[in-house]
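Heads up, the thing below is written out as structure tokens.
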There are 2 protein chains.
Amino acid sequence: MSLRHALLGLLVEHPASGYDLLKLFEGSLANVWPASQSQIYTELTKLAADELITVSDTGPRGRKEYALTDAGRDELRRWLVDGPPERPARNPALLRVFFLGVLDQRQRAVVLDEMLDNATRDRAALEQIRDAVDWDDSDLSRYGRMALEWGLRFTAMRRDWAEWAAAQLD
Amino acid sequence: MSLRHALLGLLVEHPASGYDLLKLFEGSLANVWPASQSQIYTELTKLAADELITVSDTGPRGRKEYALTDAGRDELRRWLVDGPPERPARNPALLRVFFLGVLDQRQRAVVLDEMLDNATRDRAALEQIRDAVDWDDSDLSRYGRMALEWGLRFTAMRRDWAEWAAAQLD
DNA sequence: CTTAACATGTAATCTGTTACATGATTTC
DNA sequence: GAAATCATGTAACAGATTACATGTTAAG
């Protein structure tokens, strides 16, 4: 149930509408916590019902701007400090590696090559974000950059592994 | 819907019961694709209904042994070759990093330190698997070791990042 | 005037988690 | 004979995905 917390976290700096938040999820946050439009609107309604956020303003076209309440900020802090112990994430790509034996040698190489391409493409996308974003000295900027560095290292690791694995095939 | 394919993949080498498969999921596969008992039994029933597997034998205590059908093997191959494009996975740990700004400096350090611990612990668990498993030259052994190497590199990367990030805090 | 962007919401379906529920066999 | 392990199954609920459904305003 971390979508709640992602939304609370984004509302820390300033109020925003569901639409604004959707755009943030389509942007840099897509790499960390993808969420769909329907999910966001549904969760915002629940958060408001739980009084962790409130409608702080309404604009044209039925726009509703939400702001964090004190209870919401507390809940965010609580989650940050004693969030759930991470359990290992599902990894569809690695699952494929496990069963590579049922393919022939040529197809195996194709699968690993795709993984290399994915890693390379993902890395390029992150580098593009790194270069395009106007980083300031706000908290989100500071820690967003830290998260980005994680991504850069992760994609590099995937690339290096895919190269190593392809070499292992021979 | 990769649980299906994980089950199909495990049945490639030899038939197995739901209980056998459950044990495999609790073992090495837990790091790649965690699945619960109820999920496995439910999915096996569906796979049998779809004729991708069949009940090949029955034993004491209602034991049912499943074997892969030709259609099942085909489906596995299909998935391996043109499996779904990986979309970025959710990353609860990184989500926390994003919002580190709402905590005070001491708590931030605690969060990063926990991430370092997690990475170190996960790495130790994988090293233990590497040393304990009796690796042979079967396909599952060969490609399982490849997947394990991925995990070792991943945990090393997480450890290094956590150390770097903690240093950045100052 | 038409298109793109703004803006929100609901419903159906699927996947996964947790808990409940039951019973047989082996081992100590 | 008690406990551990083997062995399967269902139900309730939570979370996520996809599709449907609707309407406004700004810009060209």
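Every value quoted in this text rests on a predicted model; they were computed, and no experiment measured them. The figures that follow rest on heavy atoms only: side chains count, while hydrogens, waters and symmetry mates do not. In the text below, chain A, chain B and the rest are named by the order of the sequence lines, each starting its count at 1.
Across the protein-nucleic acid pair, Lys64(A) atom NZ and dA7(C) atom P stand 13 Å apart, rounded to whole Å.
In the region residues 14-48 of chain A, proximity to DNA chain D at under 4.0 angstrom, judged on heavy atoms, holds for Ser36(A), Ser38(A), Gln39(A).
Across the interface with DNA chain D, nearest-nucleotide mapping of Leu3(A) and Pro60(A) shows Leu3(A) to be the residue nearer the 5′ end.
Residue Val110(A) is not grouped with residue Tyr143(B) when hydrophobic side chains (ILVMFWY) are merged at heavy-atom distances under 4.5 angstrom, including chains of intermediate members.
Side-chain atoms of Arg90(A) lie closest to dG16(C) of the nucleotides dT25(C), dG16(C), dT25(D).
Leu52(B) pairs with exactly one of Leu76(B), Leu68(B), Leu8(B), Leu11(B) by the side chain to side chain contact (heavy atoms under 4.5 Å, CB included) rule, that one being Leu8(B).
Between Asp117(B) and Thr120(B), the side chains place no donor N or O within less than 3.5 Å of an acceptor N or O (distance only, hydrogens not considered).
One finds a side-chain N or O of Arg63(B) lying less than 4.0 angstrom from the OP1 or OP2 phosphate oxygen of dA7(D).
Minimum interatomic distance between Glu127(A) and Leu152(A) (heavy atoms only, all atoms of both residues): CG-CD2, 3.8 Å. When all heavy atoms of Arg96(A) and Val81(B) are compared, the pair lying nearest together is NH1-O, 3.8 Å.
Relative ring orientation between Trp79(A) and His5(A) is described as parallel, the plane-to-plane angle staying below 30° on a 0-90° scale split at 30° and 60°.
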